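Below is one structure, written out as structure tokens, with a few remarks after it.
Each chain gets a letter, A, B and so on, in the order its sequence line appears, and its residues count up from 1. Just so it is clear, the structure is predicted and the values come from calculations on it, not from any experiment.
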Amino acid sequence: MSSSTVRVRFAPSPTGYLHVGGVRTALFNWLYARKTGGKFILRIEDTDIQRNKEEATQIIINGLKWCGLHWDEGPDIGGPCAPYFQSQRMGHYKVVGDALEKAGLAYWAKKDSAGGLPEWKIEKLKKQGKWDEEKAQAAADPNPALYLKVDLNGRSEVVFEDAVKGTIAKPAATYQEEDGVTGKDFVIMRGNGMPVYNFACVIDDVDMRISHVIRGDDHVENTFRQIFIYEALAKLPEGALPNAPKIPVFAHLPMIFNEEGKKISKRRDPVAITLYQACGLLPEAMINFEALLGWSPGNEHEVMPMEEIIREFSFDRIKSASAQFTLNRKLPPPVAAGGATTDPEVEAQIVEWLSECLKGSKLEWINGEYMRKLDAAELVKRVEPFLLKKGYDVSHHSPAWLKNVLQMEQERSKTLKQLAENVALFFNAPTKLEPKAVDKVLKKNDGIAVLQEMRGVLAGVEEWAGPALDNAVKHFAESKGKKLGDVAQPLRVALSGTTVSPPIHDTLHLLGQAECLRRIDFALTQVC
RNA sequence: GUCGCUAUCGUCUAGAGGCCUAGGACAGAGGACUUUCAAUCCUCCAACCGGGGUUCGAAUCCCCGUAGCGACGCCA
């Protein structure tokens with residue numbers, strides 16, 4: 001493998017859900033790997049998460065797979081840099097930490113007293129009245145921690161080139177004590193022997209020969225500290241690390257905001273990707289939409305096949321301003337949860353709410369575009385889980401019938417979930433007629449009479465097929481001197497209980513003669 | 001508190017000094033088509049944060065404000 005090979009990684013921590021922001025980070029990494037013929041690596045940063053690690057990892061794996069973002073190396077499939085769990089690499093971090101100490105680049109010391117919190121944070125907490133000295137003392141690790149010696153090396157500022165944002169610089173003073181000489185050393189190994197995020201991250205990126213670090217721009221500040229770590233590692237004697245420490249290219253992606261202009265968060269925003277899945281969005285639409293958050297191909301294409309996104313993708317077409325993930329929130333969320341809930345009832349509530357928020361959004365529009373492009377077989381495959389969830393017994397019907405029913409609603413639905421709902425009338429006869437429909441249709445323009453007469457016409461139809469039924473309806477309307485709508489609407493109300501359905505002859509056809517007559521009879525009992 | 005980043009229609013965005021009377025898309029309004037709902041098509045509405053420079057010419061370059069966001073821990 002040549003040293004110029006692109007290797008990128010997505011390194012989530014297993015929190016119990018896959019965040020829509022994480023999906024976008026993963027996507028951009030994946031795109032870059034696919035575009036350059038490089039490798040996409042999945043690494044699980046689980047140094048500090050105690051519970052349900054395996055389950056939480058599986059959730060991430062499932063989410064990424066659903067999105068179609070497949071990795072070349074990772075916890076489930078292994079690879080040359082295994083293991084891909086940080087929790088399984090602890091020994092290695094310790095060895096590197098020791099090597100740094102031995103080389104005089106780091107030292108064990110006990111510096112903080114107040115739970116390791118910096119002064120500015122303590123002051124802030126005090127101002128908010130949230131400061132508890134005793135608690136902080138108790139939480140403080142009594143053991144010494146390993147500090148990295150910060151070496152400014154005479155620099156007046158620390159600089160790196162960001163592939164998205166350009167040059168980013170910080171004054172050296174940020175990392176120096178008041179004297180302007182001594183570096184502000186920082187912890188890389190905790191008192192309990194666990195590595196700090198920045199340390200583990202850099203070691204892993206070196207070990208895994210990561211060439212490009214593509215991540216959210218909330219990591220910009222971390223980058224400077226990480227650079228110090230890279231520089232220290234480079235001073236280690238040869239052989240201390242399997243690969244030569246080389247500072248990767250950094251590409252910091254703009255954040256995704258909510259409608260309030262704040263970083264999207266699980267406390268108040270629907271962030272779990274599974275929520276969007278449950279709303280009946282297609283992964284390809286979700287991915288297309290997320291790709292367009294902060295990136296554009298520079299032409300006027302918006303709905304693009306993945307191949308085109310890969311072809312057009314480049315860092316310099318990524319904006320450095322953050323983008324809003326807009327939903328139409330007409331209603332407040334039912335609960336303050338981003339979808340990490342394990343209660344299926346609560347999740348169902350959130351999904352209903354999210355579905356409402358999705359209405360009229362660009363995401364829903366893109367999804368509709370993709371829905372309409374689905375071929376019949378694919379459509380059936382995708383909608384089926386939603387039908388089962390609604391309790392429709394699909395097995396009673398022929399595959400051809402099911403295909404016809406779904407295709408008829410395909411153009412009328414923007415999500416799989418909507419489609420499953422729109423198709424309800426083909427699985428369940430209405431138990432009552434919408435009062436509004438009765439008033440507007442049946443009680444006007446001789447609606448009831450038309451229905452009664454149509455019942456007779458339909459009972460006499462011998463060839464129960466679309467064209468024949470179309471003719472029957474049209475002839476009847478003509479013979480009575482009525483507009484088509486005056487015949488179709490009463491029928492529609494009788495068959496569906498509502499004023500909305502697919503074209504009337506198709507609806508008649510797919511419902512079958514016996515069922516149609518039964519529903520008309522039922523409707524007549526309701527209004528006569 | 002300190003540091004950093006950002007600023008174009010309500011939203012996603014195009015824009016690399018003259019192609020800008022600022023383009024596209026979603027949403028919204030109106031209309032056409034129609035058998036309801038969609039889909040489709042047409043029309044409309046709607047933005048360069050403010051102020052200074054530089055320049056023959058600025059949405060674009062520079063400076064200063066302002067605002068927003070982010071980050072700063074023995075969290076990740």
For A:R89, is there an ion pair with A:D207 - N to carboxylate O distance below 4.0 angstrom?
yes
Under 4.0 Å from OP1 or OP2 of B:A39: is there any side-chain N or O of A:K414 that close?
yes
With sequence neighbours excluded, tell me which residues meet ring pair (Phe, Tyr, Trp, His ring centres under 6.0 Å) with A:H92.
none
Is a salt bridge present between A:K362 and A:E364, judged by a nitrogen-to-oxygen distance below 4.0 Å?
no
Between A:Y84 and A:D204, does any side-chain donor sit less than 3.5 Å from a side-chain acceptor?
no
Distance check, C1' atoms only: B:G17 and B:A58, in whole angstrom units.
6 Å
Reckon A:Q410 touches a base, only the sugar-phosphate, or nothing at all at heavy-atom distances under 4.0 Å?
nothing
Indicate whether OP1 or OP2 belonging to B:A76 is found under 4.0 Å from a side-chain N or O atom of A:R190.
yes
Could you tell me how far apart A:L469 (CG) and B:U35 (P) are, to the nearest whole angstrom?
17 Å
Could you tell me how far apart A:K266 (NZ) and B:A76 (P) are, to the nearest whole angstrom?
14 Å
For A:F186, is the NZ or CZ atom of A:R225 found under 6.0 angstrom from the centre of its six-membered ring and inside 45 degrees of the ring axis?
yes
Rounded distance in Å between the P positions of B:G65 and B:U2
14 Å
Whole-Å C1' distance, B:U13 and B:A22:
13 Å
A:W120 side chain N/O closer than 4.0 Å to the phosphate oxygens (OP1, OP2) of B:G73?
yes
Expressed in whole Å, how much space separates the P atoms belonging to B:C61 and B:A16?
10 Å
Nearest 0.5 Å, please: how far is CZ in A:F28 from CD1 in A:I214?
9.5 Å
Distance between P atoms of B:C44 and B:G24 (Å, rounded):
10 Å
Checking B:C12, B:A7, B:C74 against the side chain of A:Q324 (C-beta onward), the nearest is B:C12
Return the 5'-most residue of the pair A:S361, A:M255 with respect to RNA chain B, ranking by each residue's nearest nucleotide.
A:S361
Without hydrogens or angle criteria, can the side chains of A:T223 and A:H252 be said to hold a donor-acceptor pair below 3.5 Å?
yes
For B:C19, what is the paired nucleotide under Watson-Crick or G-U wobble rules, both distances under 3.5 Å?
none
With a 4.0 Å limit, can you tell me whether A:R215 has a side-chain N or O closer than that to the phosphate oxygens OP1/OP2 of B:G70?
no
Give none if B:C69 has no partner; otherwise give the nucleotide forming a Watson-Crick or G-U wobble pair with it, both distances under 3.5 Å.
B:G4
Mind calculating the distance between CD (A:E300) and C1' (B:G24) to the nearest angstrom?
4 Å
Within less than 4.0 Å of OP1 or OP2 of B:U6, is there a side-chain N or O belonging to A:S320?
yes
Ranking B:G70, B:C74, B:U40 by distance to the side chain of A:D218, first place goes to B:G70
Report yes if a side-chain nitrogen or oxygen of A:R372 is closer than 4.0 Å to either non-bridging phosphate oxygen (OP1 or OP2) of B:U40; otherwise report no.
yes
Nearest-Å distance for atom pair CD1/P, residues A:I309 and B:C12
18 Å
Pick the closest RNA chain B nucleotide for A:D486 and for A:G298 by heavy atoms, then say which residue is nearer the 5' end.
A:G298
Given atom CG of A:L419 and atom C1' of B:A39, what is their separation to the nearest angstrom?
14 Å
Using the C1' atom in both, what is the distance from B:C33 to B:U40, to the nearest Å?
9 Å
Of the nucleotides B:A76, B:C69, B:G24, which has the atom closest to the A:K262 side chain?
B:C69
Of the listed nucleotides (B:G24, B:G1, B:C74), which one gets closest to any side-chain atom of A:E302?
B:G24
Using a 4.0 Å heavy-atom cut-off, does A:G368 contact any base of the nucleic acid, only the sugar-phosphate backbone, or nothing at all?
nothing
Less than 3.5 Å between a donor and an acceptor, one on the side chain of A:K362 and one on the base of B:C12, is that the case here?
yes
Which nucleotide in the set B:G70, B:A25, B:A76 lies at the smallest distance from any side-chain heavy atom of A:H219?
B:A76
At under 4.0 Å between heavy atoms, what does A:N258 touch on the DNA or RNA strands: base, sugar-phosphate, or nothing?
nothing
Which part of the nucleic acid, if any, lies within reach of A:L484 when heavy atoms closer than 4.0 Å are counted: base, sugar-phosphate only, or nothing?
base
Length of the CG-P vector between A:N367 and B:A39, whole Å:
13 Å
Counting any heavy atom closer than 4.0 Å, what does A:G191 reach on the DNA or RNA strands: base, sugar-phosphate only, or nothing?
base
Validation row, ring centre A:F228 to ring centre A:Y175 under 6.0 Å:
yes
Between A:Y197 and A:H219, is the ring centroid distance below 6.0 Å?
yes
Here the distance between atom C1' of B:C37 and atom NZ of A:K359, to the nearest Å, is 13 Å
Considering only atom P, compute the distance from B:A46 to B:G52 and round it to an integer number of Å.
26 Å
Determine whether the side chains of A:T15 and A:S13 contain a donor N or O and an acceptor N or O closer than 3.5 Å.
no
Checking N1-N3 plus N6-O4 or O6-N4 for Watson-Crick, or N1-O2 and O6-N3 for wobble, each under 3.5 Å, the partner of B:C9 is none
When rounded to the nearest 0.5 angstrom, what is the spacing between CZ in A:F160 and CD in A:Q226?
9.5 Å
Looking across every strand, which nucleic acid part, if any, lies under 4.0 Å from A:F325 by heavy atom: base, sugar-phosphate, or nothing?
nothing
Taking B:C19 as the reference, what is the distance to B:U60 when you measure between their P atoms (whole Å, please)?
13 Å
Categorize A:L293 for me: base, sugar-phosphate, or nothing, with a 4.0 angstrom heavy-atom threshold over every strand shown.
sugar-phosphate
Base-pairing assignment for B:C61 (Watson-Crick or G-U wobble, both under 3.5 Å)
B:G53
Is the distance between the ring centroids of A:Y276 and A:F289 under 6.0 Å?
no
What integer distance in Å separates A:F186:CZ from B:C75:P?
14 Å
Check the phosphate of B:A14 against A:S296, side-chain N and O only, distance under 4.0 Å to OP1 or OP2. Yes or no?
yes
What's the closest nucleotide to the side chain of A:K319 if the choices are B:U13, B:G1, B:C37?
B:U13
Checking contacts here: which listed nucleotide (B:A14, B:U6, B:C69) is nearest the side-chain heavy atoms of A:A321?
B:U6
Checking contacts here: which listed nucleotide (B:G15, B:U35, B:A38) is nearest the side-chain heavy atoms of A:R492?
B:U35
Look through every strand shown and name the nucleotide pairing with B:G28 as Watson-Crick or G-U wobble, where both distances are under 3.5 Å.
B:C44
B:C26, B:U36, B:A76: which one has an atom nearest the side-chain heavy atoms of A:T47?
B:A76
For B:A76, does the base pair up with any side-chain atom of A:N222 as donor and acceptor (N or O, under 3.5 Å, distance only)?
yes
Of the listed B:U11, B:A38, B:U35, the closest approach to the A:H505 side chain comes from B:U35
Under a 4.0 Å heavy-atom cut-off, which of residues 162-175 of chain A touch RNA chain B?
A:K165, A:A169, A:K170, A:P171
